[in-house]
Undergrad: 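Submitted below is the structure of interest, expressed as structure tokens.
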Protein chains: 2
Amino acid sequence: MSTDITIYDIAKNFNVSPSTVSRALKGHKSISKKRTQEIQAYAREKGFQVNSVAAKLRTQKTHTLGVVVTWINQPFFASLISGIESVAQEHGFHVIISQTHDQHDLEVQVVNNLFNSRVDGIIISLAIETESFAHLEQFKNRNVPLVFVDRVPSAFKGDKVIIDNFQSAFIATEHLIKQGYKRIGHITATGKLIFKQRLDGYKAALNKYGLDIDESIIASAPSLSEENSLAIARKLLTQENRPDAIFAAIDSTAVITIQLAKEMGLNVPNDLGVVGFNNDPISSVVDPQLTTISQPPVLMGKIAAEHVLNNKEHMSEVITLDTELIVRGSSVRLTEGNSNGKDLSSKQFSSQDMGQ
Amino acid sequence: MSTDITIYDIAKNFNVSPSTVSRALKGHKSISKKRTQEIQAYAREKGFQVNSVAAKLRTQKTHTLGVVVTWINQPFFASLISGIESVAQEHGFHVIISQTHDQHDLEVQVVNNLFNSRVDGIIISLAIETESFAHLEQFKNRNVPLVFVDRVPSAFKGDKVIIDNFQSAFIATEHLIKQGYKRIGHITATGKLIFKQRLDGYKAALNKYGLDIDESIIASAPSLSEENSLAIARKLLTQENRPDAIFAAIDSTAVITIQLAKEMGLNVPNDLGVVGFNNDPISSVVDPQLTTISQPPVLMGKIAAEHVLNNKEHMSEVITLDTELIVRGSSVRLTEGNSNGKDLSSKQFSSQDMGQ
DNA sequence: AGATATTGAACAATCGATTGCGTAAATTGC
DNA sequence: GCAATTTACGCAATCGATTGTTCAATATCT
């Protein structure tokens, strides 16, 4: 139970003032080389480590980033955080993570806690589309950089790192149309802007190609949990005049749809085309592999972090990252005489070594 | 750019001392009801929030937990962290996350940073099995609770939350043996204790049932990245006298093995049985679904967090959580006349709502 | 040699909340 | 009515590092 050594202890040892020690330890030029060296040597020997809490109080800089997401253990957010943490670490910053579990009141609470902890920046993906931003305003007042990621507010100014959900959904839907699917359904979640945008992109594509928008094959739930996804997929696939393709707003729902279709004896992609969104790991594991929109979560995290850390002028900037349609077996109808879709399996290795 | 309001500002307003304000704000009984109420009301009105950095310095408690993992964006760790954060939040604690990217020197660095930040507890899954624990000793010296999770050191005392890797691997291997597989290979990683234990469990099962241990069908790499896994799987499956089953030390490797086998025209499970480890989301998505060992990462995180937070007496306690063999299609040979394995598909919903 | 410039380090305030101790005023007890 | 409590609050130190300012001791220059 050794008590920590402080600059005062070191100062006493050399009969100098704490200020001299503080300066010597960081190589300030106003301290002689001899003193600097002997103090640093002594500090190393005694295992001195600065008390960064004290330093934080004095300098009013915590070198800490707050990150707020709904669930850490969703692949997208896990990768986002991984990217943020990597960049933060390079800059000597810590990362505090909070989950909102998609509840607005929890979001308010954790955001306030981060505010009290004097984080030097905050990156947030909103829980719920809301009109109350009081908990976020305070950061602006204190001039703390605030960056929204993925689920951004429409009615609040600030830096945003996003993808073009409308355009991506448009491309995904267009792909299905070009593959010859005629009745393309959509499964989505309610209440969040990104899903609204994906829905709009889907509808725009149908419109462009003169296909009807049939509300009976568009279904949604407050959250796309496994249970909800399965229930919705079952409803769509078992109804009369069922869709011949599904564009799901997230991969997990698309995968569940594929699994259900196979269970029902439907062939994917011949009887049912499926496209997802995210390019989660599961998308290249399901059979047939899932056509999906790839967005770069690690990169989004890195960019968001860079942005928070380099926040010189706080103009509201919106950074839109490119997505990519990854075409795999689930949406490309097989030609005659080609009985498997393996030729379409697009193997992709992530740029990051995920080996355990 | 409003500057923050402090207890001194409030004190001035009421012509009382800061100590009175401080006490009033937390309802200390030595302050009269009237004062307490008016001060609290005023504080609320002015949007006062305690500067927790100052409080931390004074009280020497940061109410912060440090978490160190190799990669945040591995499903196991993402869930682990999610569990930790949930519990921490309930207790009013923050969680700082750091990644080591499996590098020992990075681990030393981030651990030291957490130490300097005066975290009130630390939960760590080691990067590399090592003999140097100086960076961890300091926590003991300062009496900071330290809990190891998953990848724990063999040569360092401390609380540990783990699963029985040996026993789990034994059960997994035994399952393959009982299914009638005769040449069971193993794919694993080198240099980490948990993998050594799984290897030992595998060998013990073979021994018990009188099967040879054939080093030519046991293969490993420093890390089980996708590239490495694929290379190893290919080597095993293409060699003469190839194994008729593979027990892979992690799910992602098992999935890659299944995909490769299918590409090679092998039927899983008839020509090749496969068992994985972790019960990652991909395991129930691959076709056939993967038999695997389920360990409870969210629960592990919660228990580790509870343990750190309630650290009364610091005796070294080892908590071993149960695992479960989840039998799915990849390891159960089909009976005649049963042309699909769907009857074996074991649908499982995680206890946590993962809907986006 | 005298004046000026430079070096090296001490002083003291500061960041904002917390808390042990002391004390005047108000209340209670007899 | 006076001592004994109790109530309500102020004082001042403290947590440990940082930093603007000051100042004495050398060093440099004409």
Undergrad: Under 4.0 Å, counting only non-hydrogen atoms across every strand here, what does F14(B) touch: a base, just sugar-phosphate, or nothing?
TA: nothing
Undergrad: Can you identify which nucleotide, out of dT18(D), dA9(C), dA17(D), has its nearest atom closest to the F48(A) side chain?
TA: dA17(D)
Undergrad: Take the protein atom CD1 of I7(A) and the nucleotide atom C1' of dT14(D), then report the distance between them rounded to whole Å.
TA: 15 Å
Undergrad: Take Y8(A) and I31(A), find for each the nucleotide of DNA chain C with the closest heavy atom, and name the residue whose nucleotide sits nearer the 5' end.
TA: I31(A)
Undergrad: Any non-hydrogen side-chain atom of D150(B) less than 4.5 Å from a side-chain atom of L80(B)?
TA: no
Undergrad: Using a cut-off of less than 4.0 Å, is there contact between a side-chain N or O of K26(B) and OP1 or OP2 of dT18(C)?
TA: yes
Undergrad: Does the pair H104(A) and S132(A) meet the rule for a side chain to side chain donor-acceptor pair (under 3.5 Å), with working shown?
TA: CA-CA 10 Å; H104(A) 181 72; S132(A) 62; 3.1 Å; yes
Undergrad: Report which part of the nucleic acid R35(B) touches: base, sugar-phosphate, or nothing (heavy-atom distance under 4.0 Å, all strands).
TA: sugar-phosphate
Undergrad: Under 3.5 Å, is there a donor-acceptor pair between the S22(A) and S19(A) side chains?
TA: no
Undergrad: What integer distance in Å separates N116(B):CG from dC15(D):P?
TA: 19 Å
Undergrad: Could you tell me the separation between the NE2 atom of H63(B) and the P atom of dA17(C), rounded to a whole number of Å?
TA: 15 Å
Undergrad: Considering only side-chain heavy atoms of T59(A), which listed nucleotide, dA9(C), dG16(C), dT18(D), is closest?
TA: dT18(D)
Undergrad: Using whole Å, what does the distance between atom C1' of nucleotide dA17(D) and atom CD of Q49(A) come to?
TA: 15 Å
Undergrad: dG16(C) P sits how many Å from L25(B) CG, rounded?
TA: 15 Å
Undergrad: Tell me the interatomic distance from K61(B), atom NZ, to dT14(D), atom C1', rounded to whole angstroms.
TA: 16 Å
Undergrad: From the options dG16(D), dA17(D), dA8(D), select the nucleotide whose nearest atom is closest to the side chain of L57(B).
TA: dG16(D)
Undergrad: Can you tell me the distance, in whole Å, between the CG atom of N51(A) and the C1' atom of dG16(C)?
TA: 15 Å
Undergrad: Report yes if at least one side-chain N or O of S22(B) is closer than 4.0 Å to OP1 or OP2 of dT18(C); otherwise report no.
TA: yes
Undergrad: At under 4.0 Å, does any side-chain N or O of Q60(A) touch on OP1 or OP2 of dG16(C)?
TA: yes
Undergrad: Does S19(B) reach a base, just sugar-phosphate, or nothing at all? Heavy atoms under 4.0 Å.
TA: base
Undergrad: Do R151(B) and D102(B) sit within salt-bridge range, that is, some charged N less than 4.0 Å from a carboxylate O?
TA: yes
Undergrad: By nearest atom, which of the nucleotides dT19(D), dC9(D), dG16(C) is closest to the R58(A) side chain?
TA: dT19(D)
Undergrad: Categorize S17(B) for me: base, sugar-phosphate, or nothing, with a 4.0 angstrom heavy-atom threshold over every strand shown.
TA: base
Undergrad: Describe the nucleic acid contact of T6(A) in one word from base, sugar-phosphate, nothing, applying a heavy-atom distance below 4.0 Å.
TA: sugar-phosphate
Undergrad: Does K140(B) count as lying over the ring of F156(B), i.e. NZ or CZ under 6.0 Å from the six-ring centre, within 45 degrees of the axis?
TA: yes
Undergrad: Of the listed nucleotides (dT19(C), dC15(C), dT18(C)), which one gets closest to any side-chain atom of P18(B)?
TA: dT18(C)
Undergrad: Contact class for N15(A) vs. all strands (heavy atom < 4.0 Å): base, sugar-phosphate, or nothing?
TA: sugar-phosphate
Undergrad: Using whole Å, what does the distance between atom P of nucleotide dA9(C) and atom NZ of K29(A) come to?
TA: 14 Å
Undergrad: Is it the case that dG8(C) (base atoms only) and R23(A) (side chain only) share a donor and an acceptor within less than 3.5 Å, ignoring hydrogens and angles?
TA: no
Undergrad: Mind checking if V16(B) touches a base, just sugar-phosphate, or nothing, with heavy atoms under 4.0 Å?
TA: sugar-phosphate
Undergrad: Quiz question: by atom type and distance under 3.5 Å, do the side chains of Q89(B) and N113(A) form a donor-acceptor pair?
TA: no
